[in-house]
Amino acid sequence: MSEPEKIAPARKDFIREIVEEDIRQGTFGGKVVTRFPPEPNGYLHIGHAKAIHIDFGVAADYGGRCHLRFDDTNPAKEDQEYIDAIQRDVRWLGRDWGEHLYFASDYFERMLGWAEELIRQGKAYVDDLSADEITAHRGTLTEPGRASPYRDRSVEENLDLFRRMQAGEFPDGSKVLRAKIDMASPNLNLRDPVMYRILHREHHRQGNRFCVYPMYDWAHGLEDSIEGVTHSLCSLEFENHRPLYDWFLDQLGVHHPKQIEFARLNLTYTMMSKRRLLELVQRGVVRGWDDPRMPTIAGLRRRGYTPEAIREFCRLIGVDKTNSTVDIQLLEHCLREDLNRRAMRFMGVLRPLRLVIENYPEGKSETFEAPANPEDPAAGTRAVPFSKVLYIEQDDFREDPPKQFFRLAPGREVRLRAAYFVRCERVKKDERGNVVEVVCSYDPATRGGDAPDGRKVKSTLHWVSAQHAIEAEVRLYEHLFTKPDPDDVAEGQTWLDNVNPRSEEVLQGCRLEPALAERPAGFTCQLERLGYFCVDPDSRPGHLVLNRTISLKDAWAKIEKKAKA
RNA sequence: UGAGGCGUCGUCCAAUGGCAGGACAACGGACUUUGGAUCCGUCUAUGGAGGUUCGAAUCCUCCCGCCUCAGCCA
């Protein structure tokens, strides 16, 4: 018997190749353990989604496990709010860390022990230099550094001093513990890096138990080692830190994971820096971390993105070491593809224009069955009420239609989706000359939307019945930044000058078909011809708020744009 | 100009000495009761110069360009 046919494996990226080779060689006993190690100092964004996809994905592919570990080594920046939000977001993305939820701060005690061991080995010392002096002693990219005058203190003195640092005898900034490596190393990270700084600051989980806190380079490898991580996946900027990661673990002789670096995600029209996202929140540029314009997971969720779309996006962009900027249209493509398959269809009018059918009986109304989703016949149909007075989209009528405009115009016949053909007989205007009402006639023989005589119309319009419609607030979005690269600024300007002033447009008085009433926050649908929308948590009984997740591809908009150019 | 890393269509990713391929975008067409969706087609790339080889994106040499590092942030 031959082996059962295997499904072609997913393309192998360089990380998976390394992992597979390690499994073949039995490097870590054939095991695969990864971790996603966020610092709880902000919300997760789409860039983290890529990392999560890699960290959890690699583990899953090889029957391993992935830990969620909070790298909470800096109490000055961290907060429980972020811990909660991060867990919610990772879970929402469909990832499960099982029992493996960890906190770096739970390892502080053991790290302190290892630090003392390093001191005893003569490989770490307490330095009294100020931060500025340490910087000055570090040298430059082309010149070696100079030894601190405190570099050769005795083991006993170092031990004593370090214990008194821990006991809180010294003020912030007065002393640090440094590794004694090589002040002349061409890799600046090896020029006696700081391991501990004094911080009299309450930690969100440890309270006031500690007043020295470990630095990333010292702590991270130990965290990985303690947890039995085999492959420590991180982004490219840590490449220069790998020799240090390795050095600490080698001195201690403990389990030594392999650090592998990959390129972080950049997206056009998007800012990925946590610090700057925080700034947008603090300045009130956006409504919060979960503003639908934010690239945060929380923002994407509120906007109406699905975990499936994000995961597919992560799959398509792949993993590499090349710095790259992905076109945001790829993300949007993944979104549309997913939503098109699943979203129920409804009709709604964003900017209502009154349409009266003069030969339709006063007071009459009838109901049409429209497909819930043409992509999915199993979804069935929905009932849409129709009557003499309707609303159509202002954009769907032109008194003087330009070339290639196929929608309604005086004398022209169009189809009202799932209802009748109507012909524009005349318009009514206000004193300023604006069209305020379109008067039409309808052909009763076209009921359901087809003409028995076989005549065609060039356009199908969406509509709602005025007396049956519900009102809603609809929020439309554009990219948060006006430039593909938000850092592309003129002299004297900053990235904040590239914030798109029209990134959010709030429309009141929109009209929706009644089937949309009372939908819960997060409900996603397509408004035909307009795009995908979802119910915003700002909705209140009687006041529905919809976010436009993404528009449909719009051929007419393209034609118009080209005509203008 | 020290060290580390990276250069393939406009963008992202394949091809691991043997016909440079896919996706997105763009453009054009078919179809359409969503100007949606779907389908078909077109376009464009190995940073440069040498070398090895029957054969190079791939191996070698040199050059060029870009990214990262001088936090008591991660």
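Residue numbers begin at 1 in each chain, while the letters A, B, ... track the order of the sequences.
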Heavy atoms from C-beta onward define the side chain here; which of [options] lies closest to that of [X]?
| X | options | value |
| --- | --- | --- |
| A:N240 | B:rG10, B:rA74, B:rG4 | B:rG4 |
| A:T142 | B:rC69, B:rU34, B:rU1 | B:rU1 |
| A:E239 | B:rC13, B:rG4, B:rC72 | B:rG4 |

Remember a base hit wins even if backbone is also touched, and classify [X] as base, sugar-phosphate or nothing at under 4.0 Å, heavy atoms.
| X | answer |
| --- | --- |
| A:P40 | nothing |
| A:F238 | base |
| A:E332 | nothing |
| A:T140 | base |
| A:I134 | base |

For the residue pair A:Y43 and A:W289, does the interplanar ring angle fall in the parallel (under 30°), tilted (30 to 60°) or perpendicular (over 60°) class?
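Correct class here is parallel.
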Below 30° counts as parallel, above 60° as perpendicular, anything between as tilted: where do the rings of A:Y420 and A:Y442 land?
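Geometry flag for A:Y442 against A:Y420: perpendicular rings.
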Cation over ring, A:R35 on A:Y102, under 6.0 Å and within 45°?
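Checked: cation-pi criterion not met.
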Between [M] and [N] - [atom1] atom distance, rounded Å:
| N | M | atom1 | answer |
| --- | --- | --- | --- |
| B:rC12 | B:rG17 | P | 25 Å |
| B:rG36 | B:rG18 | P | 43 Å |
| B:rC13 | B:rG7 | C1' | 14 Å |
| B:rC73 | B:rC9 | P | 40 Å |
| B:rC43 | B:rG21 | C1' | 16 Å |
| B:rU44 | B:rA25 | C1' | 12 Å |

I'd like to know if the side chain of [X] and the backbone of [Y] have a donor-acceptor N/O pair within less than 3.5 Å.
| X | Y | value |
| --- | --- | --- |
| A:H48 | A:H45 | yes |
| A:Q394 | A:P352 | yes |
| A:N373 | A:M344 | no |

B:rG47, syn or anti by chi within 90 degrees of zero
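Anti, which is what one calls it when the glycosidic angle falls more than 90° from 0.
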Taking for each residue the nucleotide of RNA chain B bearing the nearest heavy atom, is the 5' side occupied by A:R197 or by A:L527?
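The answer here is A:L527.
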Closer to the 5' end of RNA chain B via nearest nucleotide, is it A:L141 or A:G449?
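Of the two residues, A:L141 wins.
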Paired stretches of RNA chain B - 3 or more consecutive Watson-Crick or G-U pairs, each distance under 3.5 Å
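Stems found: B:2-7 with B:64-69, B:10-13 with B:21-24, B:26-30 with B:38-42, B:47-51 with B:59-63.
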Which residues pass the side chain to side chain contact (heavy atoms under 4.5 Å, CB included) test with A:A451, not counting sequence neighbours?
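A:A451: side chain to side chain contact (heavy atoms under 4.5 Å, CB included) contacts with A:F421, A:T446, A:D453, A:R455.
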Just one of A:Y125, A:F162, A:Y213 clears the ring-ring contact (aromatic ring centres under 6.0 Å, His included) bar with A:Y196, so which one?
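Output: one option passes, namely A:F162.
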Can you check nucleotides 36-39 of chain B for protein contacts, nitrogen or oxygen pairs under 3.5 Å, and list what you find?
unit_1	atom_1	unit_2	atom_2	d
B:rG36	N2	A:E375	OE2	2.9
B:rA37	O2'	A:N340	ND2	3.2
B:rA37	O2'	A:E375	OE1	3.1
B:rA37	O2'	A:E375	OE2	3.0

